[in-house]
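The shown structure was predicted, so the numbers you read here are calculated from the model rather than taken from an experiment. Whatever order the structure lists ligands and atoms in, that order sets their numbers, starting from 1.
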Amino acid sequence: MTVSRRTHCPYCSFQCGVVAATGTGSAGSLFPAPDTVQLAPDAGFPVNRGRWCVKGMTAADLLDSPDRLRRPLVRDRFGRLRPCDWDTALDEAARRLAAVRDRYGADANAVFGSGALINETAYLLGKFARLALGTANVDYNGRYCMSSAAAAQNLAFGIDRGLPFPVSDIADTDVLLLWGSNCVDTMPPVQQWLQAQRARGGTLIVVDPRRTPTAQAAQVHLQLVPGRDVELANGLLHIAVAERLIDTDYIAARTVGFDAVRRAVLAGSPTAVERSTGISVRDQIRVVRALAEAPSAMLLSGRGPEQQARGVDAVLAFTNLMLALGRVGRPASGYGCLTGQANGQGGREHGQKADQLPGYRSITDPADRAAVARVWGIDPDRLPGPGRSAFEILGSLGDGGVRGLLVMGSDVATASPDVARVRRGLAELDCLVVADLLPNDTMRYAHVVLPVAQWAEQEGTTTNLEGRVVHRRRLRPVPAGVRTDLEILCGLAERLGAGHLFAATQAEAVFEELRAVTQGSRADYAGISYERIDAEQGVFWPCPSPSGAGTARMFTDRFAHPDGRARFVALLPRPGVEEPDEEFPLYFTTGRLRDHYNSGTQTRRTRSLRDAAPRPRIELHPLLADRLGIRPEEMIRVESRRGSIVAQATITPDIRPDTVFAPFHWGGDQAANLLTDPTLDPVSRMPAFKVCAVRVCAARAAASRTEAVPRAGGAG
Ligand SMILES: Nc1nc2c(c(=O)[nH]1)N[C@H]1C(S)=C(S)[C@@H](COP(=O)(O)OP(=O)(O)OC[C@H]3O[C@@H](n4cnc5c(=O)[nH]c(N)nc54)[C@H](O)[C@@H]3O)O[C@H]1N2
Ligand SMILES: Nc1nc2c(c(=O)[nH]1)N[C@H]1C(S)=C(S)[C@@H](COP(=O)(O)OP(=O)(O)OC[C@H]3O[C@@H](n4cnc5c(=O)[nH]c(N)nc54)[C@H](O)[C@@H]3O)O[C@H]1N2
Ligand code: SF4
Ligand SMILES: [Mo]
């Protein structure tokens with residue numbers, strides 16, 4: 001017998017609808033064992049409409065992976081992680097966290113969450129940090145993801161919803177500018193919307209230092225110098241102003257602050273922009289005219305421009321441009337950020353960010369604090385203030401900083417910038433508790449490991465890249481020896497003396513609490529229920545009332561600032577990226593492959609994905625390879641000021657000759673993040689994952705050089 005249910009893929013923010021069949025098990029059938037899950041893409045779900053990608057296709061493989069964690073582990077006095085029962089593990093975790101709190105104060109504990117977590121867990125994790133641990137220090141891997149776009153959208157529009165319109169609007173826009181997004185690889189079902197846009201006669205423009213599959217699908221590819229996004233976007237606005245392509249009526253009616261921005265961009269010149277960005281004046285003009293003259297135009301950014309020490313400025317330069325062209329809030333037009341993780345959107349709304357309470361409430365605003373405290377049944381004074389951001393936590397581990405850490409849903413020892421420093425800090429902790437489904441590099445430093453249920457084993461909701469709240473259904477029971485993230489948080493809270501505040505372990509009950517806390521807030525979920533999500537194929541927030549519709553399109557009449565107007569933001573001169581110099585003469589950039597996901601913890605354990613991309617490879621241009629004497633497929637060494645990696649070379653004309661690229665999907669000594677620059681954006685606290693300076697040589701040359709000149713100190 002089989003049962004069929006609709007649910008969603010566990011991986012990216014596209015949250016493709018899938019139809020899951022679960023069988024009771026019979027030898028030789030599609031369902032050889034009880035609870036085997038078979039997935040197919042859901043043709044009826046409006047976002048992916050029957051498409052999916054290699055990651056979704058293989059998502060069910062991990063449910064019964066032999067590598068899966070099935071028992072808690074506690075480090076014994078010989079330093080080995082040993083299996084134990086749940087009471088022992090939770091007691092030990094709580095004991096260590098309490099010891100850190102008692103000895104060093106509540107803020108010496110920190111919590112690191114994730115955009116992989118369902119809304120319910122993200123919400124409860126923030127509450128756990130603030131009430132059970134009493135720490136201000138809670139942040140999450142979304143800080144590494146779209147925090148620059150989030151900060152910029154808050155400044156410009158007064159609210160941060162990645163896409164302020166449904167994905168299907170892409171098909172209707174006349175000009176689509178994809179800025180630093182390789183969405184053909186990173187959200188493959190988006191291709192049907194790109195194809196529909198093309199079929200209507202639309203234009204696609206891509207800005208990327210690499211000729212990615214996305215760039216190959218475009219009519220215009222601007223292959224800019226890494227890190228010059230602010231200059232290019234300001235340059236485009238300069239031309240729009242100079243050629244009188246801006247929408248003065250819109251600017252007057254719907255915005256404030258244009259004059260300062262206009263003056264600032266006019267100070268530059270197209271030829272200077274050409275010199276610094278590598279994009280010809282002709283191409284700059286071509287792109288501005290396309291954006292300004294078409295009936296509709298849309299700019300969507302990915303991590304390329306956002307994951308930089310000037311990521312917020314880059315996105316503000318985009319919002320300035322699209323506001324000046326009168327595009328934001330108009331049909332099939334405007335600015336949007338393509339959020340990344342499954343619940344990258346919802347994960348940032350519900351209180352696991354250092355400066356926010358659930359519903360995007362501000363942790364410093366007395367009215368917001370009071371509203372949350374009321375529902376939680378506590379005195380507002382018990383809520384801590386703003387805490388440290390992700391890398392400020394991880395960069396401060398050990399003496400004088402954070403001594404106890406709970407990590408739920410992130411491989412911080414792989415995904416963080418300057419990761420050798422983070423690993424050294426992890427090794428110094430008095431308490432590291434890791435809740436995960438599979439072993440990862442972070443766990444090597446853990447005192448307690450808690451095995452969690454997977455996506456198909458618990459109910460929950462996520463909020464996709466469009467702001468649509470969707471329902472992940474439970475397809476099979478939680479396996480023996482494993483618990484849900486919610487159960488773990490409640491179990492720890494009880495042991496830390498806060499059990500009465502964490503009574504609900506069932507996802508729907510937690511969602512009901514979340515609804516109440518967000519009522520009247522900016523990310524208002526009060527009108528959303530599981531029942532409604534099922535009936536309506538997802539509900540868009542804000543949705544204040546159970547009887548009113550959700551908000552599929554935002555900013556059509558007003559922005560979220562009190563006066564209803566959008567803000568132009570003039571950019572201050574700021575140091576940009578770590579520029580190449582004599583010692584480190586090349587740009588290094590990082591990103592994703594189609595076949596792997598983030599830290600690779602999951603996809604490197606999926607056979608077909610591992611076979612498709614078994615090891616990391618570093619991309620470089622034939623001219624550069626030639627100059628450095630590097631042969632195809634040869635092992636090369638890439639070195640930055642922070643560390644080095646050795647991997648096989650892929651020589652390709654699809655990258656700029658001054659730039660090398662590595663995926664960050666591998667850990668250990670293959671981690672691209674051994675090289676990356678931890679300089680943070682001053683506003684979003686986003687690290688500079690996308691640009692730093694490196695030198696490259698054949699590994700054989702490096703080996704002989706190392707022999708000749710022995711260096712002091714370890715490799716880190
Ligand atoms: N297959 C796959 N899909 C994924 C993921 C995955 O790991 N694998 N992860 C998910 C997540 S969490 C996220 S955040 C999204 C990310 O999705 P994307 O934003 O599409 O992914 P990235 O590869 O990080 O970066 C996009 C592009 O930025 C370019 N780039 C590098 N430096 C610069 C620069 O200085 N300026 C500009 N303009 N571009 C630059 C890179 O060449 C790259 O092609 O993908 C999601 N989907
Ligand atoms: N150099 C470089 N570094 C980057 C980036 C880059 O472009 N370049 N991108 C950054 C970005 S955008 C992101 S989003 C991060 C992502 O990097 P990570 O934060 O490491 O995210 P993942 O690899 O998706 O997941 C991490 C862990 O969560 C576990 N997990 C999955 N689902 C659940 C769940 O429901 N509960 C629990 N408890 N665990 C779960 C997985 O098994 C895995 O071990 O990396 C960042 N780091
Ligand atoms: S595009 Fe994203 S949500 Fe869809 S199947 Fe692939 S990983 Fe899953
Ligand atoms: Mo991400």
Side-chain angles (χ1 to χ4, degrees), residues 10-14 53-55 62 69 112-118 121 140-146 178-188 206-215 222 224-229 232 301-308 314 338-344 390 407-417 419 434-443 450-455 458 460 484-485 488 577 587 589-603 605 619 655 659 661-665 667 671-673 675-676 687 689-691:
Y11 286 111
C12 89
S13 62
F14 224 72
C53 81
V54 289
K55 298 188 302 305
L62 289 178
L69 298 166
F112 199 98
S114 168
L117 305 175
I118 52 175
T121 307
Y140 78 125
N141 66 1
R143 185 71 66 178
Y144 293 167
C145 188
M146 58 314 109
L178 285 173
W179 199 306
S181 160
N182 181 17
C183 56
V184 165
D185 274 346
T186 53
M187 343 198 133
V206 170
V207 183
D208 197 305
R210 299 186 303 141
R211 203 172 127 74
T212 60
T214 311
L222 305 182
L224 94 166
V225 176
R228 298 292 164 78
D229 301 272
L232 182 57
S301 64
R303 298 305 80 79
E306 299 169 18
Q307 289 176 323
Q308 298 185 23
L338 294 163
T339 295
Q341 302 179 80
N343 197 27
V407 180
M408 190 169 261
S410 179
D411 185 7
V412 295
T414 299
S416 304
V419 78
V434 177
D436 208 295
L437 36 130
L438 291 161
N440 64 23
D441 276 11
T442 305
M443 245 168 242
L450 304 171
V452 304
Q454 295 197 39
W455 58 283
Q458 61 179 338
T484 66
D485 289 314
I488 289 170
V577 299
Y587 290 105
T589 191
T590 62
R592 294 163 164 82
L593 304 177
R594 188 198 59 189
D595 297 304
H596 283 292
Y597 190 71
N598 291 350
S599 67
T601 304
Q602 291 159 281
T603 49
R605 290 197 172 78
E619 294 176 14
I655 188 165
T659 305
F661 169 88
F664 78 104
H665 305 302
N673 277 320
L675 277 58
T676 48
F689 286 122
K690 282 294 187 271
V691 197

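- For a heavy-atom separation below 4.0 Å, the residues in contact with ligand 2 are Ala116, Leu117, Asn141, Tyr144, Cys145, Gln307, Gln341, Met408, Gly409, Ser410, Asp411, Ala415, Ala435, Asp436, Leu437, Asn440, Val452, Asp485, Thr590, Arg592, Tyr597, Asn598, Ser599, Thr601, Gln602, Phe664, Asn673, Thr676, Phe689, Lys690.
- The closest approach between any non-hydrogen atom of Thr659 and ligand 1 is not below 4.0 Å.
- Looking at ligand 1, you won't find any N or O of Asp595 less than 3.5 Å from one of its N or O atoms.
- His596 pairs by the side-chain hydrogen bond (donor to acceptor under 3.5 Å, both in side chains) definition with Thr603, not counting sequence neighbours.
- Using a 4.0 Å cut-off to heavy atoms of Leu593, the atoms of ligand 1 that qualify are 1 (N), 2 (C), 8 (N).
- Judged by distance alone, the side chain of Tyr597 and the main-chain N or O of Gln602 form no donor-acceptor pair under 3.5 Å.
- Residue contacts with ligand 1 leave out Arg228, since none of its heavy atoms falls under 4.0 Å from the ligand.
- A cation-pi geometry, defined here as NZ or CZ lying under 6.0 Å from the six-membered ring centre and within 45° of its normal, holds between Arg210 and Phe661.
- The line from CG of Asn673 to OH of Tyr144 is 8.5 Å long, rounded to the nearest 0.5 Å.
- Put simply, the side chain of Gln341 reaches to within 4.5 Å of the side chain of Ser114, judged on heavy atoms.
- For Cys53, no heavy-atom contact with ligand 1 is shorter than 4.0 Å.
- If you check the side chains of Ser410 and Tyr140, you find no donor sitting under 3.5 Å from an acceptor.
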